[in-house]
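So the structure is just underneath, and the comments pick up after that.
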Amino acid sequence: MVKLAEWRGKEIFRKYGVPLPPGRVARSPAEAEQWVRDGSVPLPCVIKAQVLAGGRGKGGAVRFANTPEEVRAAAEAILALEFKGERVREVLLEGKLAIGRELYVAITLDRSARVPLLLTSSQGGVEIETVEDSAIVRQPIHPFPGLAGYEKRRASQSLGLTGAASKALSLLLDALWKAFNAEDAELVEINPLAVVGEGLVALDAKVIIEDDAAFRHPEYSEIRDDRTPLEEIAREKEIAFVQLDGNIGVIANGAGLTMATLDVLMEFGGHPGVFLDLGGTDDPAKVSEAFLLMAQARPRAVFLNIFGGVTRCDTVATGLVQAMGQIPPAERFPLVARIRGNNEVEGIEILRKAGITALSSLKESAQSVVAAAQGPPPAGGRA
Amino acid sequence: MVKLAEWRGKEIFRKYGVPLPPGRVARSPAEAEQWVRDGSVPLPCVIKAQVLAGGRGKGGAVRFANTPEEVRAAAEAILALEFKGERVREVLLEGKLAIGRELYVAITLDRSARVPLLLTSSQGGVEIETVEDSAIVRQPIHPFPGLAGYEKRRASQSLGLTGAASKALSLLLDALWKAFNAEDAELVEINPLAVVGEGLVALDAKVIIEDDAAFRHPEYSEIRDDRTPLEEIAREKEIAFVQLDGNIGVIANGAGLTMATLDVLMEFGGHPGVFLDLGGTDDPAKVSEAFLLMAQARPRAVFLNIFGGVTRCDTVATGLVQAMGQIPPAERFPLVARIRGNNEVEGIEILRKAGITALSSLKESAQSVVAAAQGPPPAGGRA
Amino acid sequence: MSVLVDVDTRVVVQGITGHQGSGHTLQMKLFGTKVVAGVTPGRAGTQVEGVPVFDSVQEAVDRTGANASCIFVPAPFAKDALLEAVDAGIRLVVIVTEHIPFHDMLIMYHYAKERGTRIVGPNCPGVASPGKAKVGIIPNVVFRPGRVGVISRSGTLTYEIVNGIRENGLGQSTCIGLGGDPVVGTSFVDALPWFENDPDTDLLVLVGEIGGTAEEDAAEYIRQHFTKPVVAYIAGRAAPAGKRMGHAGAIISRGKGTAQSKQAALEAAGARVGRFPFEIPDLVSEVLRERGRR
Amino acid sequence: MSVLVDVDTRVVVQGITGHQGSGHTLQMKLFGTKVVAGVTPGRAGTQVEGVPVFDSVQEAVDRTGANASCIFVPAPFAKDALLEAVDAGIRLVVIVTEHIPFHDMLIMYHYAKERGTRIVGPNCPGVASPGKAKVGIIPNVVFRPGRVGVISRSGTLTYEIVNGIRENGLGQSTCIGLGGDPVVGTSFVDALPWFENDPDTDLLVLVGEIGGTAEEDAAEYIRQHFTKPVVAYIAGRAAPAGKRMGHAGAIISRGKGTAQSKQAALEAAGARVGRFPFEIPDLVSEVLRERGRR
């Protein structure tokens, strides 16, 4: 899941022909000022922080300016922000337009019907989650013939567009449909889509690219995301690793089992801090690597939950013991292991020899790790 | 049907990534010499007349050259040719390659199965019509998912390609498939496709673009074709008009009826010289226009065969009479009309008043027009 | 019984407000067809020849129970019109429009087929069953109810032949004009089984032309499965190779698609093949007489 | 009888020469499955675990009568492998491969569906019916023949639950792992009717997880059509919104796909929903006892 910042989403929109306001990206106040001085961005203009979090308008991350000096000052202020935990690295400058109505258009996936879904609403400019279902028109688009003319006409109708504006929508939807498919997007969203005179202009851009199609899109591999630094490392190592708010690290094999382990911990009063799914790996080196990554998250305690089905418990245990030896004593943490399945006895023995207690009951082991996490804190900080 | 000359076909191939020999088009001997002097085309090279007719090799329209002087001389000779009735306007210069085997690859339409058809044969370099059916591998390609990897592997197998050459074929077939669809082609053909080292190179290019998709491809509207000048005019006026070898012009409404009229004429010893299908037109002005075009073909006699079903016989007759008045006396020709169907009586009456005899029997009218065509020739030449 | 259309056929005309659409709506109604709706985007609420116009096929279906469509919209929009009809659940679509790119038709054909919608055409006169319904543009005057089935690739030539059958005192069960394009929704081979199974058809007239191998395919089907007598005519004996004769599909290319090959195949399959169009009505009468059906 | 696979299932393994392909070929054979062929282009003529390898699925089908496929090829080639299997007439395709772009899966899903081929997966453990056949990678040791059906979106969690059922002295009729991707060939709603109609299944275990509305759709189906008892577990109560929890499909986005919503829907449909995975085998025993089936 690669969430693109507004300006990157708009670069994609431009490539496929979605109409945009005149705009430029700036990485410094001086650059921002230059874009208006050289006429690249007309005045008055809007200056927007390029962050992934929503709610920029209310958070002071969007400002307006009428003169080059105001542009510089606004850019300076925004570039100094840390917005909902994200440092602002770029601002997008765009000429202000005489906006009529604000609409909503998006293409996403309908998982149940297994088709792309075109969403339109005449209530644009607000978070779509706050719009009533009845005010959103949903049209499934069959992937084979693709977006049909009659579907675009229905979209026009739903948005109350006629004449030239309806034709503009038709072209815009074609562009959006192409972008959705050619860029392997999960979501392409324009909110608001502004009616400007007889035309349409995308005032914002939300584009999410699918991770699994990365082999077709090397151009997205370098784009920063809302992943944490550790999640970023995990991604490069192809480990399913998610940082959460708690302090107990969970390693399990299989996404379902890892999720279930978090659930059990929560039920017994624990606070999961890391979700780490080993997947189907058998390889002690890989297990070891995953475990060292976990250590970097500085958990108060770690819970290893393995069901050896396709994988073998003993190889997982071997990797684990190898990794434990590499963790500096100051960074060590209590470890509770629960191992079931293939070569369970051998796995438990390997852990026992390394001084790690392994239980076979999920309930007991969960209770035990929750107790451990409530003990004295380790040398470092929280997970 | 827009048949593209080799160099235009290769421009399309280049656009989609089909590998080609280094080459340039020249419209004069001096230009040809320049392309080798400035290194655009390496020596030795081949110089090929850019005509639509086949059999260039045997017809002296393909020559080889080792020096810039030889290139100039060859280009001069070829540009002076009239090849099977076509004036040579361009030559294509291409560097000679160390060619291994010569293969055949094409994508065309399977009308019965309503799918594109991938044709491959290891017997390239000869006219495909002369290759035995058993030496051609035909694979239907479903238009929806498009060309699949396993189909490309089968193509590789059929051509005896392995390793790097097989990978090259896979990329080449993807390019060809894209070209076939994106350019609305009826045929994309590479014959021969040469094995050069571990790679593949398209030595020739045959591309036919579909007429009906012209609204998507204005870029082809200016391309000369193997149409006659009158056929070219007819095309612009959207009249179905075909020049044939005989001397009797046939105007009818509907392609099937027009063809059947030619057939009947032939059976009675006539030689059709023009096929003109009025289609479903009702409009006297359009009929008149078509008739004047017919006159330009200088037929010895003209046979008008109308069945008024959707159209009305009287409006057709009106258009005809209008047109006859505009033909200079020296260019007039005997006209036999056979009219049946809607408002048949009115139509016959209109013609009678203008001095044209209309019969209702197809047989009698055909015999009558054949006799008329065998009479004294009109002022001008043949149809 | 009849083929493709019957008294329950309820037609929506796509492109009803155009010249062709409105004129043929009237003709279909005069034929006795239940034309229940028209569609032209932006013209909802109006009427054409007493037929209510809607903005979309779905509305037309919802409001009028239309189950067949006749498409007159211009070629660049025909693909969309077909997709709309299929998605609205229409089961029979006759496409009169000509000059639809065959690349579009490939998509249209497979999309419709996979959803169980039958296309007739494009570039075709449509389907008519005298006394029941007509979807398309075949002139009403050539028909009278009877027991001769007709399948044809051409328009006017077929009208002439059908008219000749009428003038000979016979009538037609159902007449289908397949259209002259290289890619058609319904081919001879698709339509033959319907006539084989139609108790109202005694004899079949097959009107073919040069180009492709549809007639050869038909001959093979007739040889193996078709038990009723067949009278055939093939247009284009005088056509040279490599030239398109009016119809996009009427071209002899790469040695395939000659009239000779088609005639020979049909004769070998037991069909009576006429040399002239005007022979066909007489051949029909003759064959029926031989079989004692007349 | 059983669901999807039975003693007539003849498996071709696509990507048989890879590490996963060869290892699981052996496991499927040990389960008792008729693994009749493998496919790896360029490796025809070799054998893997005694199974002959072919260059193409068509050859494998022609030579061995294979009617089901198990795909292990890497994600970038999975679409092609599926098209090849469908075009060769394979009726059941289990796709083990993970990380297939969902845009590819959209094409694969519709192409297969329109041709009557059933996909299970991708990113799934497959289908197993103890004593009959297994197509996929579910560990053999967790099974024993019995009358509990299982449908699940996860892998290891399911193995654990299935194993627990076995340890409680019960067995399974058929177990299907649907896979954790956003677009899957078979959903709960697709699979529920098979278990409803399977005389060998007395009770169904449904293992869901956060993301999408597949469990809510299933609950609706169960409420309306499913007459057998259902025991369910939903993983991901502790998962925050907006994060993908291992599976590409396991994400709460835009307020949709929470465990709470799924649990509530299933409970309202009459299912017994366990809070912990280890409760499920006991709930199964309990429900069967109540129903007098044990």
Side-chain angles (χ1 to χ4, degrees), chain B residues 1 108-109 111-112 114-116 128-129 142-144 180-181 184-187 210-216 226 238 240 242-246 252-267 271-272 275-277 279-280 306-311 340-342 361-363 366, chain C residues 20 24 75-76 98-107 109-110 125 137-139 141-142 152-160 163 180 182-184 187 189 207 209-214 217 233 235-240 242-251 254-255 259 275-278:
Chain B
M1 190 165 69
T108 183
L109 171 68
R111 291 167 58 149
S112 295
R114 289 97 152 181
V115 288
I128 192 66
E129 288 77 6
H142 198 280
F144 281 151
F180 179 74
N181 288 289
D184 277 298
E186 290 184 20
L187 174 73
E210 189 195 8
D211 253 352
D212 284 342
F215 66 89
R216 285 198 280 255
D226 53 353
E238 294 180 358
V242 182
Q243 278 190 293
L244 306 166
D245 288 334
N253 60 334
L257 186 61
T258 316
M259 277 189 272
T261 310
L262 300 186
D263 296 348
V264 173
L265 273 184
M266 272 240 299
E267 290 287 339
H271 300 285
F275 167 105
L276 198 164
D277 169 16
I306 298 296
F307 185 84
V310 176
T311 50
R340 290 297 318 274
N342 280 348
S361 153
L362 183 54
K363 196 170 167 180
Chain C
Q20 262 209 314
H24 287 294
E98 57 179 338
H99 295 308
I100 298 175
F102 81 78
H103 280 273
D104 285 4
M105 252 315 284
L106 289 179
I107 294 168
Y109 173 77
H110 291 284
I137 63 170
I138 317 181
V141 291
V142 302
S152 165
R153 271 172 70 191
S154 41
T156 324
L157 176 61
T158 310
Y159 311 159
E160 170 132 29
N163 193 51
V183 177
V184 288
S187 66
V189 167
V207 183
E209 62 188 35
I210 53 162
T213 58
D217 298 346
Y233 176 74
R237 289 197 303 280
K243 292 273 187 184
R244 273 193 209 288
M245 304 304 279
H247 280 159
I251 180 167
R254 306 185 158 215
R275 281 185 316 152
F276 303 113
F278 49 78

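So that the names make sense, note that chain A is the first sequence line, chain B the second, and so on, each numbered from 1.
B:F144 meets the ring-ring contact (aromatic ring centres under 6.0 Å, His included) test with A:F144, B:H142; sequence neighbours excluded.
Interface remark: of the candidates C:V142, C:T213, C:N163, C:N163 forms the most heavy-atom pairs closer than 4.5 Å to chain B. Between chain B and the options C:R244, C:H247, C:Q20, heavy-atom pairs under 4.5 Å are most frequent for C:R244. Put simply, of B:L109, B:T258, B:D211, B:I128, the one with the most heavy-atom pairs under 4.5 Å next to chain C is B:L109. Chain C forms more heavy-atom pairs under 4.5 Å with one residue of B:L362, B:I306, B:L265, B:D277 than with any other, namely B:L362. Most heavy-atom pairs under 4.5 Å with chain C: of the set B:G341, B:G254, B:A255, this distinction falls to B:A255. When the candidates C:M105, C:H24, C:H99, C:R275 are compared by the number of heavy-atom contacts under 4.5 Å with chain B, C:H99 comes out ahead.
Inter-residue side-chain proximity for C:F278 and B:K363 is flagged as met; some heavy-atom pair is nearer than 4.5 Å. Two residues are said to be in side-chain contact when any heavy atoms from C-beta on lie closer than 4.5 Å; B:D245 and C:P240 fail this criterion. For the pair B:R114 and C:S187, the minimum side-chain heavy-atom distance is below 4.5 Å. Side-chain contact between B:P143 and C:Y109 is absent, with no heavy atoms from C-beta onward closer than 4.5 Å. Looking only at side-chain heavy atoms (C-beta outward), C:H110 and B:V115 come within less than 4.5 Å of each other. Annotation: side chain of B:R216 is in contact with side chain of C:D104 (closest heavy-atom distance under 4.5 Å). C:M245 has its side chain within reach of B:V242: a pair of non-hydrogen atoms, C-beta onward, lies under 4.5 Å apart.
Residues B:M259 and C:A235 come closest through the heavy atom pair CB-CB, 3.9 Å. For the residue pair B:D184 and C:P101, the shortest heavy atom distance occurs at OD1-CB, 4.4 Å. The shortest non-hydrogen separation linking B:D263 to C:A238 is OD1-N, 2.8 Å.
Interface remark: C:P277 contributes side-chain atoms only to the contact with chain B (heavy atom separation under 4.5 Å). Both the backbone and the side chain of B:A213 have a heavy atom closer than 4.5 Å to some heavy atom of chain C. Interface residue B:F215: only side-chain heavy atoms are found under 4.5 Å from chain C. When heavy atoms are compared at a cutoff of 4.5 Å, C:E160 approaches chain B by way of both its backbone and its side chain. Interface remark: C:I100 contributes backbone atoms only to the contact with chain B (heavy atom separation under 4.5 Å).
Distance alone, capped at 3.5 Å, is enough to place a donor-acceptor pair between the C:T156 side chain and the B:N253 backbone. Counting only distance, with no hydrogens or angles, the side chain of B:R111 and the backbone of C:G249 share a donor-acceptor pair below 3.5 Å. Under the 3.5 Å distance criterion, the side-chain polar atoms of B:E210 are matched with a main-chain donor or acceptor of C:F102.
Atom-to-atom distance recorded for C:L106:CG and B:N181:CG is 8.5 Å, nearest 0.5 angstrom. In this structure, CG in B:N342 is found 11.0 Å from OH in C:Y159, a value given to the nearest 0.5 Å. Rounding to the nearest 0.5 Å places CE of B:M266 at 7.5 Å from CZ of C:R237. Interatomic distance, B:D212 CG to C:E98 CD, rounded to the nearest 0.5 Å: 8.5 Å.
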